[in-house]
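A short worksheet on the structure shown next.
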Amino acid sequence: MHYAYLFEARGIQRFLFASGKLKDMQGGSELLDYVCADGGLLDQVLEKLNLSPGKPRNAGGVFYLLFENQQDARRFQAVWRMACANWIPGIEQVDTLSQGQTAKEAIDNGHGQLRTQRNQLIVDLPRPGPLSERSPRTGLAAVKNIKGESLDVATAKQRVFERTDTEASLAQRFLNEANVFWPTDFEESAPKDRRFPLDERRLVGLIHADGNGLGELLRVLNTACQDAEDKTYIQLYKTFSDGLTDATLGAAREASKAVLLPEAVDIGHGNRLLPARPLVLGGDDLTIVTRADLALPYTEKFLKAFEQYSHISMDKLRSAFETAGLADAARQLPKNLTACAGISYMKCSQPFLAGHELAEGLCKRAKDASRKARTSDQALMPSSVAFHKVQDSLLDDAKSQFDKDNRVNHQNESWQLALPVYGIHADSKLPALDALNGLVNLFAKARNNRSGNLHFNDRPLRELVTLWRDNPELAKKAYGRWYELADRNNEQDLQAFDDFMTQLIRQTRRDLPCSSTVGEDGAYSSPISDLLHLLTIRRSAQPQRQPATQIEPAETAEVSA
């Protein structure tokens, strides 16, 4: 008989983002990461209890343990609940103890019990009475006063935690370069060596990425191990889990080195500060805050690198299957994995909890679009990304927010002024991110390199969007005038504009920069709002250049019409 103890840390977002302070997010992410780290909290509890169970999964606040007798399993469960509650107060502990004739059966039974446990409400402790003081940032019962600020138990733990173990911290595993540091504070009054390097609008990009098709992969593993020995099952499950973590970590490192390191800010004495802060890295999950203009390049680099590193992990898993005599199952494994991501563009003063919920919703929308874009049941879901620039302080779910900010209805016609999802590779059925980047670069280049009588810039398009929302008929006339002037004075740029638009939305209408046919939601689609948002984000991160030559007032009026 085997006894399985399954544990999941839930409510991670509320734990990390409740106070809204970057220092608390940093402390919370390190506290959470230490739970499953080598030599971390889990390993220390097992060592104190003199237990050495099997660990088929151990990453990102989730672990599975296999015991040979029930007494050891119950003893660990009792001690672990207290240790975890003391280490990361405010986290929802979801755990279960199950048994089975085989290791696989014990874990499968535990999964069923976990699904039930997840639906149970967890009470926050301590419960505040009517006369209790509350933390002004979270509204929870205050238990400590630090430098004049009343803090709840979770925030107080985050505020003072400093990781001192010899293993690399969460941030160092993303990037560990000499004299390069990660910021810990958004406040403008914070010391320069800890203050997050922000653009003039104080915009950040909150990125959440998640792997695709893991359920299908686990089904292959479970089917292959239906009659396998316990040792084989545990080894294959561990190889799968470790490979997934290695792929995520490798991709995060590559993206950090390629995108973040060149943008590190000089803070004196040969030291540099990165414009980002990692928050979550576990299994196939990634959450990181970056300077706004770096969020999309970082995400694109991460998703492409994840495919490459997961190829290595799949090769190792395939080899392990073949060594175990499961060659037929090995042939069913994909050559690599893919991932999807969501990005919330927001001000650093806006609530991060709501921003992360939006990023998760955007990631889910990207996954749904990628699932529909599969060419066959055997094909991989394409990697994709969805993003949204937050305009309001109060956020809805991803779909409602998208419709509210981007959908225009007029009489019998509807338009979506942004595209829901972009594919990372041009050969997928999704609009290609490369084409959107091409549009952004086209207008950014034209803005800095003025030539001829016409400045091919984005200002007329911004006025066009305003007209589009108020009066589509006037918008059509304005677009016709802009297109005619561009055709007369900037034929090459206009041709590039048309080419990129065709790549994104196929055939376009002549009267407006949108698709010529309606989509499944009954609306014409256009990437114009996405283009303008990315131009604004990119521009705010760079000093404005003065024009080499001034445009005549009459010409300006004609272009803007």
Side-chain angles (χ1 to χ4, degrees), residues 9-35 61 84-93 121-163 170-171 182-191 194-198 201-208 276-280 287-292 344-360 390 392-396:
R10 295 179 62 83
I12 292 174
Q13 293 76 22
R14 188 182 65 167
F15 175 73
L16 292 179
F17 303 122
S19 74
K21 289 183 70 69
L22 183 61
K23 181 174 178 59
D24 299 337
M25 299 179 206
Q26 174 238 335
S29 64
E30 294 292 355
L31 280 165
L32 182 65
D33 182 71
Y34 193 69
V35 170
C84 186
N86 180 64
W87 185 256
I88 43 176
I91 283 286
E92 298 176 18
Q93 298 186 49
L121 296 177
I122 308 296
V123 177
D124 287 324
L125 296 175
R127 300 300 297 167
L131 302 180
S132 299
E133 184 176 2
R134 293 176 180 263
S135 167
R137 287 186 173 273
T138 65
L140 300 175
V143 300
K144 186 176 289 188
N145 189 287
I146 298 180
K147 296 182 180 181
E149 184 178 2
S150 298
L151 304 176
D152 62 273
V153 62
T155 307
K157 187 82 173 181
Q158 295 169 343
R159 188 71 56 88
V160 300
F161 178 70
E162 292 185 6
R163 192 160 177 169
L170 172 65
W182 298 87
T184 60
D185 209 320
F186 281 129
E187 303 299 329
E188 294 184 73
S189 59
R194 297 201 300 266
R195 186 171 64 243
F196 198 111
L198 291 169
R201 296 173 182 263
R202 298 182 64 76
L203 292 174
V204 296
L206 179 56
I207 305 168
H208 174 76
R277 183 76 215 186
L279 297 175
V280 174
T287 302
I288 184 172
V289 180
T290 72
R291 199 177 71 199
S344 297
Y345 290 107
M346 55 191 289
K347 289 191 174 183
C348 64
S349 58
Q350 290 180 296
F352 273 83
L353 182 58
H356 188 270
E357 289 176 352
L358 177 60
E360 281 191 321
V390 175
D392 305 318
S393 57
L394 298 177
L395 301 182
D396 294 322

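Counting begins at 1 with the first residue of the sequence. Keep in mind that this is a model prediction, so the values were computed, not measured.
Separation of atoms SG (C348) and CD (E187) is listed at 7.5 Å; rounding is to 0.5 Å. With rounding to the nearest 0.5 Å, the separation of CG in L31 from CD in Q158 is 6.5 Å. Here the straight-line distance linking atom CG of D152 with atom CZ of R134 works out to 11.0 Å at 0.5 Å rounding. Taking CZ from F15 and CD from E92, the interatomic distance works out to 12.0 Å, rounded to the nearest 0.5 Å. Of the inter-residue distances, the one linking H208 atom NE2 with I288 atom CD1 reads 13.5 Å to the nearest 0.5 angstrom. We find the CG-CD1 distance between L16 and I91 to be 6.5 Å, quoted to the nearest 0.5 Å.
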>> For Y34 and I88: C-alpha separation, side-chain torsions, deciding distance, then whether side chain to side chain contact (heavy atoms under 4.5 Å, CB included) applies.
In response: CA-CA 10 Å; Y34 193 69; I88 43 176; over 6 Å; no

> Going through the distances and angles, do Q350 and V390 end up as a side chain to side chain contact (heavy atoms under 4.5 Å, CB included)?
Replying inline: CA-CA 9 Å; Q350 290 180 296; V390 175; 3.7 Å; yes

>> One pair to check against side chain to side chain contact (heavy atoms under 4.5 Å, CB included): E360 and Q13. What are the steps and the verdict?
In response: CA-CA 10 Å; E360 281 191 321; Q13 293 76 22; 3.3 Å; yes

> Does the side chain to side chain contact (heavy atoms under 4.5 Å, CB included) test come out yes or no for K23 and R194, once each step is laid out?
Replying inline: CA-CA 10 Å; K23 181 174 178 59; R194 297 201 300 266; over 6 Å; no

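Distance alone, capped at 3.5 Å, is enough to place a donor-acceptor pair between the E30 side chain and the L170 backbone. Between the T287 side chain and the V280 main chain, no donor and acceptor come within less than 3.5 Å of each other. Of the possible donor and acceptor atoms, none in the side chain of R202 sits under 3.5 Å from a partner among the backbone N and O of K347. Judged by distance alone, with hydrogens and angles left aside, the side-chain atoms of Q26 form no donor-acceptor pair with the main-chain N or O of A171 at under 3.5 Å. A donor-acceptor pair is defined here as one N or O able to donate and one able to accept, closer than 3.5 Å; such a pair exists between the side chain of R195 and the backbone of A190. The backbone N or O of A276 sits nowhere less than 3.5 Å from a side-chain atom of T290 that would complete a donor-acceptor pair.
Contact of the Y345 side chain with the L203 side chain is not registered, since no non-hydrogen atoms from C-beta on lie closer than 4.5 Å. Using a 4.5 Å heavy-atom cutoff, the side chains of R277 and M25 are not in contact. L22 places none of its side-chain heavy atoms less than 4.5 Å from the side chain of D185. F352 has its side chain out of reach of L279: every pair of non-hydrogen atoms, C-beta onward, lies at least 4.5 Å apart.
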